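Here the structure is a predicted model, which means the values were calculated and not measured. So that the names make sense, note that chain A is the first sequence line, chain B the second, and so on, each numbered from 1.
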Amino acid sequence: MAEVYDPQAVERKWQARWRDAGTYNVDNDDPRPPFYVLSMYPYPSGRAHMGHVRNYTFGDLIVRHRTMQGYAVLSPFGFDSFGLPAENAAIKTGVHPRIFTEERIPELKASVQAIGAVYDWRRELRSHDPSYIKWNQVIFQRFLEAGLAYRRNAPVNWCPGCQTVLANEQVLADGTCERSGDVVTKRDLEQWFFKITEYADELLADLDALEWPERVKTMQRNWIGRSEGAEFDMPVEGRPEVRVRVFTTRPDTSFGMTYAVLAPEHPLVPALTTDEQRGEVEAFVQRVRTESEIERMSTEGPLEKRGVFTGSHVINPFTNQPVPVYLADYVLMGYGTGAIMAVPGQDQRDWDFAQAYGLPIIRTVEPPEGWEGEAYVGDGPAINSEWLDGLPVAEAKATAIEWLEQHGIGERTVNYRLRDWLVSRQRFWGCPIPVVYCPDHGIVPVPQDELPVLAPDDVEFLPTGESPLRFHEGFLHTTCPVCGGPATRETDTMDTFVDSSWYFLRFCDPWNEDAPFDQAAVAKWMPVDQYIGGIEHAILHLMYARFYTKALADLGMAPKDLREPFKRLFTQGMIRMGGAKMSKSRGNLVAPEEVLGTHGADALRLAHLFVTPPGDDVDWEAFGIEGCSRFLRRVWRLAIPDSETAAPAADSVAIDRAAHRLIERVSDEYERWSYNTAVASLMEFTNLLSKEGTTPFAVDTLLLLMAPMTPHITAELWELRHGTDIHTQAWPQADPELTKLDTTTLVVQINGKVRDRIEVDPGLSEEEAERLALASPRVQEALGGGAPEKVISRPPRLVNVVV
RNA sequence: GGGCGAGUGGCGGAAUUGGCAGACGCGCAGGAUUCAGGUUCCUGUGUCCGAAAGGAUGUGAGGGUUCAAGUCCCUCCUCGCCCACCA
């Protein structure tokens, strides 16, 4: 084996050893300092694709690096095994989703192991395991008890052709069903929600302290969408007992309100519609209801058709003047109060609407001189606003709110874009919601000793897309736990984001049969020190997991002080192919195993690390797999015992010092996630060893620094050299005395242009540097005997002579 | 429409704080080894002028600050991503 590098043989040998020896198993009483590394658990879609390889390469590198640094590294793996693909496959082929899924899991597991990624497999979990389902259901019931889970009517995507509910991703961009092509409509269903909005403020505030990419934090902030403003009431003209409540972020502009707008679904619409307008209003409301989401949300189309006058007026409390009330499809019932005051002078949308309907426009903020735009949204003194005149926007807002509160008309409010989390799914292959409906006792949780509620196996999957649970008599009919009378089971299942909202906690204590997890185990490992995954989960999964962590801590299930699940987050870039996203449907997948069979796992891992910074998107065409393979063969030839290629260095002291500098540099690059430059540093050093000769210390250092990146080849070479396991060695330490350079290059510039380079002592003074620079023949020539105008001396790097 | 990024050779990319632009790799060209291909090794490789030494020029465009700008400031262009009628 030693003579020629045979990646497949080396990789087989070491992967078997890691698996059989349980090298990366870690116990909860491990005395070393804890470090928790987690890659987002995957949906088991079969063999790994390049995106998986990229993800697990980074994760595995950190596991091995931190282990060498002396940490007890928790590195678990699991499968997000509920989900729509298995159910669709069942409808197509008749194979039960469990069978289908359980065939896919070993495929993915094998390909993860084939790239040399190591985990504590004793902790493996799958969302569809009855033990996981049980605790998932227990947590649901605790949420229900605490009022964090509740039921209400909510619209779903309904396909009239298939007679079934569709997930958003099953609705095409043109608003039609992906299967039947029918236009998808909305239909109201009683559904379960989690009250994530209760945590909106905390979810927003706690983002600041997280070591996450700013981009992801910004996306979360926008998603929560906190906005401060005021709500106030406006009585209907002639009927002061009926009042319309509006939300605004600009109470300072209230004097400029020239009309008000309600959402078409607003409950006051029938009451406010005059007989004269009834026909028109009803036609409008009807049209909006049947419009697809896409049409309604489209900003296209003439504004004239997007609103209608109700015939009523409300009194603006600021001016005591009546303003007309309109309906418009762009006002949403779900945000604020579903009703707005319209100030066309200060809001472009209101301006456009006012133009289309011939409504007056009153400016309430003085636009800057020379302003030629329409609505003005910037700061400036208030005008046309009586007692607010002259105040800048912020002060005017505060004054207006104070006035509303003093007169009992309204108050300061905070609104969020964030909605409660709809967790009901009208699907089979998910975690059943553990409640029954009793005609006498209403919603009754299934007693804990009867959990888990599991879906039956004897079901038939029909291409209607309807969940078979709804027609399974044995599942559907049960008895009420309170009275023993006949009751029916909930047939909806939970959103799979529920499963992924606490799996990282279960990993701390996956064997627990008495609780979802033990508090002490969670306290030891959590929060996750390094979480790794795709940017596509920047909003939903990460928000839900944060909510779950806070809620579980508040319910006393998790440690009280555990407020956040993921201390540090890294999101890796996507892999593309010829500019397009790699995907099965495009048929542009590159199977990892093709590369494993030719160049091996180490070369593939190295190529992933080297090709680009880890956070960037990358095209497969850019991967220099050949170059990485070539580099590994070079290392092999240099490092095998009795190597014919590796000549002993003539100046071994210089080589060893270079090795110490390499330790310093590469260690820093590991900390900064600068793996692409770390590989470059290692390549540069290897070039040096080829040219200047090797020392045992230099080669050992090279292998140690490479070990987390290319674990197989380095393990094999280390064993050949020392007979021990490289992955149990300590991470090398640079000797600061030896990293110092004897000389460094001083750049001499004349007027900012490089004119000379001088080798100097790195510790030289400003004066010495200046003296050396001025003595340079090139500088002498440029000065022509005269004196320089100015000399900037920045030893030891640069001197700039201005002439 | 709003928000966030990013524009550097033929390509992926490098350049901690403003201080030698293009590290490292791919590709390409030439050479050595080889019957040949592959492998391996050596040399060259931003652009323009030059045999070379060397010089000029150069980080999307334009302007500015500075002894010095890929990096900081202003204006603009292009691309990507996210949220999108949120009052």
Expressed as a whole number of angstroms, how long is the span from [X]:[atom1] to [N]:[atom2]?
{"X": "A/Leu332", "N": "B/rC83", "atom1": "CG", "atom2": "P", "result": "17 Å"}
{"X": "A/Glu214", "N": "B/rC81", "atom1": "CD", "atom2": "C1'", "result": "16 Å"}
{"X": "A/Arg633", "N": "B/rG38", "atom1": "CZ", "atom2": "C1'", "result": "10 Å"}
{"X": "A/Asn751", "N": "B/rA56", "atom1": "CG", "atom2": "P", "result": "11 Å"}
{"X": "A/Asp756", "N": "B/rG54", "atom1": "CG", "atom2": "P", "result": "11 Å"}
{"X": "A/Asp616", "N": "B/rA14", "atom1": "CG", "atom2": "C1'", "result": "13 Å"}
{"X": "A/Arg245", "N": "B/rA87", "atom1": "CZ", "atom2": "P", "result": "17 Å"}
{"X": "A/Glu669", "N": "B/rA15", "atom1": "CD", "atom2": "C1'", "result": "12 Å"}

Indicate, with a heavy-atom threshold strictly under 4.0 Å, whether [X] touches base, sugar-phosphate, or nothing.
{"X": "A/Arg419", "answer": "nothing"}
{"X": "A/Lys217", "answer": "nothing"}
{"X": "A/Arg778", "answer": "sugar-phosphate"}

Review point. For A/Arg215 and B/rG3, is the shortest distance between a side-chain N/O and OP1 or OP2 below 4.0 Å?
Key: no

**Study point:** Side chain A/Lys217, main chain A/Leu207, donor-acceptor under 3.5 Å
**Key:** yes

Revision key, fill the gap. Protein-proximity profile, nucleotides 18-27 of chain B, B/S/- by nucleotide at the 4.0 Å heavy-atom cutoff, equals -BB--BBSSS

Exercise for review: Please step through side chain to side chain donor-acceptor pair (under 3.5 Å) for the pair A/Ser681 and A/Arg665, ending with a clear verdict.
Suggested key: CA-CA 8 Å; A/Ser681 305; A/Arg665 184 164 148 194; 2.9 Å; yes

Revision key, fill the gap. pair_partner(B/rA69), Watson-Crick or wobble, both distances < 3.5 Å, evaluates to none

Point to revise | Atom CZ of A/Arg245: over 12 foreign heavy atoms under 6.0 Å | key: yes

Review point. Would the number of heavy atoms belonging to other residues, nucleotides or ligands and lying under 6.0 Å from CZ of A/Arg419 be above 12?
Key: yes

Practice item. Determine the interplanar angle of the A/Tyr259 and A/Tyr326 rings, folded into 0 to 90°, and report it as parallel if under 30°, tilted if 30 to 60°, perpendicular if over 60°. Key: perpendicular

Revision key, fill the gap. Per nearest nucleotide of RNA chain B, the residue lying toward the 5' end, A/Ser629 or A/Val618, is A/Val618

Revision key, fill the gap. Of A/Ser690 and A/Met341, the one whose closest nucleotide on RNA chain B sits nearer the 5' end is A/Ser690

Check your understanding: In Å, rounded to the nearest 0.5 Å, how long is the span from CH2 of A/Trp223 to CD1 of A/Ile539?
Key -> 5.5 Å

Check your understanding: Is the glycosidic angle of B/rG46 within 90° of 0, making it syn, or outside that range, making it anti?
Key -> anti

Point to revise | Minimum-distance nucleotide (side-chain atoms of A/Arg417 versus B/rA56, B/rA84, B/rC41) | key: B/rA84

Review point. If you check the A/Ser227 side chain, which of B/rA87, B/rC83, B/rG3 turns out closest?
Key: B/rA87

**Study point:** Evaluation steps, ring pair (Phe, Tyr, Trp, His ring centres under 6.0 Å), between A/Phe353 and A/Trp351
**Key:** CA-CA 5 Å; A/Phe353 193 88; A/Trp351 177 289; over 10 Å; no

